[in-house]
Amino acid sequence: MIAGLLALLISALSAAAVEPIKISRGDIALDLSRAVEIYRNQGQNFQVSTAPGLDGIVRRIEVEASSERSTGDWAVFALANNTDQQLDRLIEAPHFRLSGSGLIWPDLGSRRIAAITPSEGFALDRQASSDADVFLVTLNPGSVVTFVAELSSSRLPQVYLWDPEAYKDTVNSYTLFRGIVIGIAGLLALFLTILFVVKGTSMFPATAALAWAVLAYISIDFGFMTRVIDISPGNEQLWRAGTEIALAGTLIVFLFTYLNLNRWHGHFSYGALAWILALLAIGGVALFDPAVAAGIARISFALTAIVGIAVIAYLCFQGYDRAIMIVPSWLMILAWLTAAWMTVTGLLDNDIIQPALGGGLVLIVLLIGFTVMQHAFAGGALHQGLFSDMERQALALTGSGDSVWDWDVPRDRVVTRPDISRQLGLAANSLHGPARNWLPALHADDRDTFRTTLDVVLEHRRGRISQAFRLRGSDGHYHWFLLRARPVIGSDGEIIRCVGTLIDVTEQKKAEERLLQDAVHDNLTGLPNRQLFMNRLETVITLARDDDKVRPTVFVVDIDRFKHVNDSLGISAGDTILLTISRRLHRLLKPQDSLSRFSGDQFAIMLLSEQDPARIAAVADAIRQAVRAPLTFAKREIVLTPSIGLISWTSQQATAEDIVKDAELAMFQAKRFGGDRAEPFRPAFRSIGTDRLQLESDLRRALERKELTLAYQPIVRLEDQSIAGFEALIRWEHPRRGTIPPSDFVPIAESCGLIVPIGLFAMQRAAEDLASWQKQIDDVPLSVSVNLSSRQLLRRDLVNDVSSVIARSGIKPRCFRLELTESLVMDNPEQSSHVLNRLAGLGIGLSIDDFGTGYSSLAYLTRFPFDTIKIDKSFVDDTSPKRVVLLNSMVNMAHELGLSVVAEGVSDESDALQLRQMGCEYVQSFAFGPPQPAEATFKLLKEQYPLAQA
């Protein structure tokens with residue numbers, strides 16, 4: 001029974017034992033990778049069953065780790081020498097193997113085996129090698145030896161058993177190949193760098209950087225770098241990851257620089273820069289986890305190749321030469337990328353593929369270098385500047401496309417090169433010969449000038465010819481040419497030749513004619529503009545002074561409320577309607593009459609065909625009916641009305657300007673009467689315009705005379721009835737007319753440009769008054785608000801003006817506020833947004849005035865940096881049942897957006913109490929304080945703040 005159990009135990013041990021690999025004398029290299037059994041996490045001591053010996057006995061051996069930092073992973077394999085001779089073999093485990101290394105979290109190499117212990121004999125001796133773990137083993141004849149390898153890393157990609165001489169020959173062969181490849185790569189990188197220094201083209205540094213990155217990569221891959229630089233064990237992964245990141249980054253730089261992608265779209269620059277910065281950041285990751293960094297670099301390289309071929313294909317279809325030239329190189333990159341992918345995933349697994357891929361990289365850079373040099377030196381000697389000044393001038397003349405005009409004076413023979421006869425459609429060389437042959441082809445108005453110019457040059461024997469003339473083509477049309485030439489004087493002082501250039505300037509002349517046409521005609525309707533109309537009217541007035549039969553009548557026609565058409569239907573619809581109206585008006589006139597378009601929707605008519613007042617009135621009514629006739633646009637019927645002002649010439653009107661001005665005054669009066677009417681001019685109309693002009697003149701001197709002042713209306717806190725600030729209101733005390741309300745003079749100031757200095761005065765005075773009050777009442781937190789006009793908002797210097805006002809007055813920016821209306825902001829939202837954001841950056845407050853009366857859109861409240869809204873008094877005075885709902889909604893909406901609320905026009909305490917209950921913070925109205933001058937405002941502050949009296 002004991003014998004049976006012993007046999008059963010021996011059988012079990014044999015089943016668990018390692019299967020030995022039989023070695024013969026003729027075996028040069030055996031791959032032991034598949035025969036190696038890996039045992040993980042076995043600790044410092046490892047026990048294993050040996051392979052059965054020749055006697056069939058399986059033994060148990062125990063191996064102790066050579067280092068306390070052992071991974072606990074072990075590898076076991078067995079070798080059997082079936083020969084009758086002693087065999088020496090080398091066991092090799094390469095530190096790095098590209099095949100099967102992985103893509104996402106690659107194996108970047110490390111020491112694989114710390115020590116190998118045989119089942120009999122002594123531990124194996126490690127052979128010197130920087131690329132692999134190599135151990136020398138001696139197998140006795142007929143022996144079966146089990147080897148236990150202590151692993152230095154968790155992976156053991158390959159284990160080979162070599163014949164020592166064969167291994168030496170293989171290493172020498174690979175060393176020779178790697179040396180050749182590294183030498184070519186180094187020379188190529190150095191050559192491209194030298195070309196960059198010599199040539200200075202941006203393509204060369206990008207290509208040279210790629211070449212240096214490839215050199216660094218293959219130097220690490222081939223183990224050359226470890227012979228040049230002392231790389232400590234464990235740092236190979238960092239170096240390998242760094243070279244792969246450099247390879248991915250320089251490929252992006254090369255693609256961007258070579259294709260000059262920044263000229264196609266600015267986004268390419270931002271994308272490439274972000275990509276490169278991301279790779280630099282990954283370089284920092286490599287310090288902590290080189291495998292992750294290398295995996296991302298490999299993915300980046302693949303993405304660059306794929307995106308690159310898409311961009312190259314697109315630019316090839318656009319006819320871009322650089323893209324077409326790089327196609328072969330990029331296809332080679334894609335082929336290399338495919339082979340590399342198959343290698344790292346294990347689809348290709350042999351010893352040749354890794355050095356072949358390194359050599360392939362060098363071939364790619366070599367092809368790219370040839371492509372770059374071919375493109376950079378495509379110009380040959382011309383590109384290098386190896387030609388004379390005369391050749392340069394000849395090339396410039398050829399490139400300009402001008403013809404050479406050569407007149408051999410003694411022989412009286414004119415020649416043009418190239419022949420312009422063909423350009424005119426004439427028979428070849430028809431203009432070659434005597435200069436007089438040109439006269440029949442010249443325009444009749446240019447013949448005398450051409451002949452005289454040549455005669456003057458011959459007579460004076462100096463000077464230059466610069467003349468534009470017309471030559472008739474075979475189709476009867478004339479072509480404009482510009483001749484520039486100078487005489488060549490012989491040794492006897494006579495002219496022997498006259499040589500110059502002949503340029504076809506037909507298109508330029510046509511452009512000049514179009515410019516002249518546009519200068520005196522309306523672009524839309526083709527009608528004479530105001531300048532041409534005034535010129536014609538002045539001419540007619542000159543005739544009228546000497547001829548009683550010439551009595552012009554001028555009509556100025558303005559379309560009522562035409563702006564609403566543009567606002568509702570669009571500019572294109574408005575243009576179509578103006579074209580229709582201009583055609584209708586033109587059909588009413590006779591040949592001697594004239595129609596003009598003065599401005600957007602304003603026309604002028606000079607009537608010469610009628611002098612009878614009744615007939616003139618009939619024409620005015622016909623004009624009115626023509627404009628009133630319904631128009632159909634986009635299935636909508638549109639009815640417009642005109643305001644017509646008219647005046648007939650009398651001897652009292654001295655100039656055309658006076659007549660037109662009187663007709664415009666009559667037209668404005670027709671508009672005041674409601675429009676849709678014709679109004680003859682009456683002298684009384686002049687007083688209306690004069691009054692406005694006088695007011696404008698007085699306003700210009702109001703600032704100098706210190707007639708403009710500010711009144712301050714309190715803004716009161718509803719919580720405790722205290723004053724939070726003031727709104728500064730402009731006032732004009734005219735010396736003769738008394739107080740002029742802002743509604744009368746502000747529009748005049750805006751139209752004549754005075755609103756800018758007036759607005760600057762208001763801001764400066766308000767800031768100075770506030771600074772004075774704060775100094776006297778211990779810096780109580782008050783604010784002052786100033787209204788802003790459209791002219792001020794659109795000025796580029798507004799931000800500088802506000803900053804200067806705050807600096808000069810010495811107040812804190814948060815105490816100064818600007819108020820704007822909804823319509824003012826939305827007239828030009830893009831410009832308004834830019835200016836308001838810069839103003840908010842100064843730290844001042846921004847209020848939206850008359851809230852709810854303009855566009856009623858919430859978009860601008862989130863888009864523009866307002867901090868306060870002012871509810872218009874029309875909502876507070878509303879007596880409808882919806883008043884409370886509207887006010888409550890406005891207050892809640894403002895608070896949700898983080899805005900304060902000021903209610904305007906509160907008339908009694910009950911309204912104020914109701915607004916306070918809604919959450920409204922401030923109120924501004926006559927019930928809480930009317931606008932007062934600065935002195936009265938300061939007294940009000942002293943009453944509220946007793947410290948001011950101390």
Side-chain angles (χ1 to χ4, degrees), residues 390-521 523 526 528 531-532 535-536 539:
M390 186 170 294
E391 289 172 330
R392 184 182 293 109
Q393 294 172 10
L395 287 169
L397 185 61
T398 303
S400 67
D402 300 343
S403 298
V404 176
W405 187 83
D406 184 8
W407 181 25
D408 187 346
V409 176
R411 298 171 55 196
D412 190 18
R413 177 176 175 79
V414 176
V415 176
T416 58
R417 290 286 185 270
D419 185 11
I420 66 167
S421 302
R422 297 182 181 277
Q423 186 175 343
L424 296 171
L426 304 175
N429 302 325
S430 59
L431 291 179
H432 290 182
R436 62 178 177 273
N437 288 356
W438 285 58
L439 296 180
L442 283 166
H443 192 280
D445 296 339
D446 300 329
R447 291 171 187 168
D448 291 341
T449 306
F450 181 78
R451 184 190 301 112
T452 303
T453 301
L454 296 185
D455 291 342
V456 168
V457 171
L458 292 178
E459 181 179 354
H460 292 86
R461 299 180 182 85
R462 58 185 176 84
R464 293 176 179 269
I465 300 175
S466 181
Q467 181 186 0
F469 50 79
R470 287 159 285 184
L471 291 173
R472 186 177 62 249
S474 60
D475 57 358
H477 291 89
Y478 283 92
H479 296 252
W480 278 95
F481 287 88
L482 176 62
L483 173 63
R484 287 197 179 102
R486 63 180 300 172
V488 179
I489 310 299
S491 57
D492 56 355
E494 297 293 331
I495 295 178
I496 58 175
R497 301 186 87 87
C498 196
V499 183
T501 59
L502 194 63
I503 309 171
D504 187 344
V505 293
T506 305
E507 293 301 324
Q508 298 178 24
K509 286 293 183 180
K510 289 181 179 179
E512 291 176 6
E513 292 174 0
R514 286 194 296 269
L515 288 174
L516 290 174
Q517 171 74 13
D518 294 343
V520 293
H521 288 81
N523 290 331
Q531 182 180 356
L532 183 57
N535 183 268
R536 290 179 178 177
T539 302

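Please read these numbers as outputs of a predicted model, since none were measured by experiment.
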Quick check on Arg470: does its CZ atom have over 12 non-hydrogen neighbours (other residues, nucleotides or ligands) under 6.0 Å away? yes

Any side-chain to backbone donor/acceptor pair from Arg447 onto Leu439? Under 3.5 Å, distance only. yes

Drop me the distance from Leu502's CG to Leu471's CG, to the nearest 0.5 angstrom. 7.0 Å

Kindly assign one of parallel, tilted or perpendicular to the pair Phe469 and Trp438, based on the angle between their ring planes and the thresholds 30° and 60°. perpendicular

Where Leu424 and Arg472 come nearest, the two heavy atoms and their spacing: CD1-O, 4.3 Å

Nearest-0.5 Å distance, NE2 of residue His521 to CG of residue Asn523: 11.0 Å

Consider side-chain contact (heavy atoms from CB on, under 4.5 Å). Of Ile503, Val414, Ile420, which one does Trp405 pass it with? Val414

Which heavy atom of Pro410 sits nearest to which heavy atom of Asp408, and what is that distance? CD-OD1, 3.2 Å

side-chain contact (heavy atoms from CB on, under 4.5 Å) for Thr416 and Leu431? Distances and angles first, verdict last. CA-CA 8 Å; Thr416 58; Leu431 291 179; 5.7 Å; no

Checking the side chain of His432 only, and the main-chain atoms of Arg413 only, is there a donor and an acceptor separated by less than 3.5 Å? no

Do you see a donor-acceptor pair shorter than 3.5 Å between the side chains of Ser421 and Ser430? yes

Straight-line distance of Leu454 CG to Thr449 OG1, nearest 0.5 Å: 11.0 Å

Which ring-ring contact (aromatic ring centres under 6.0 Å, His included) pairs, counting each pair once, include a residue from residues 479-500, with sequence neighbours left out? none

Partner residues of His443 under the ring-ring contact (aromatic ring centres under 6.0 Å, His included) criterion, sequence neighbours left out: Tyr478

Inter-residue atom distance Leu483.CG - Thr501.OG1, 0.5 Å rounding: 7.5 Å

Is any side-chain heavy atom of Asp412 closer than 4.5 Å to one of Arg436? yes

What's the spacing between Leu458 CG and Ile495 CD1 if we round to 0.5 Å? 5.0 Å

Separation between OG1 of Thr506 and CG of Leu482, rounded to the nearest 0.5 Å: 11.0 Å

Looking at every non-hydrogen atom in both residues, tell me the closest pair between Ser403 and Pro418 and how far apart they are. OG-O, 3.5 Å

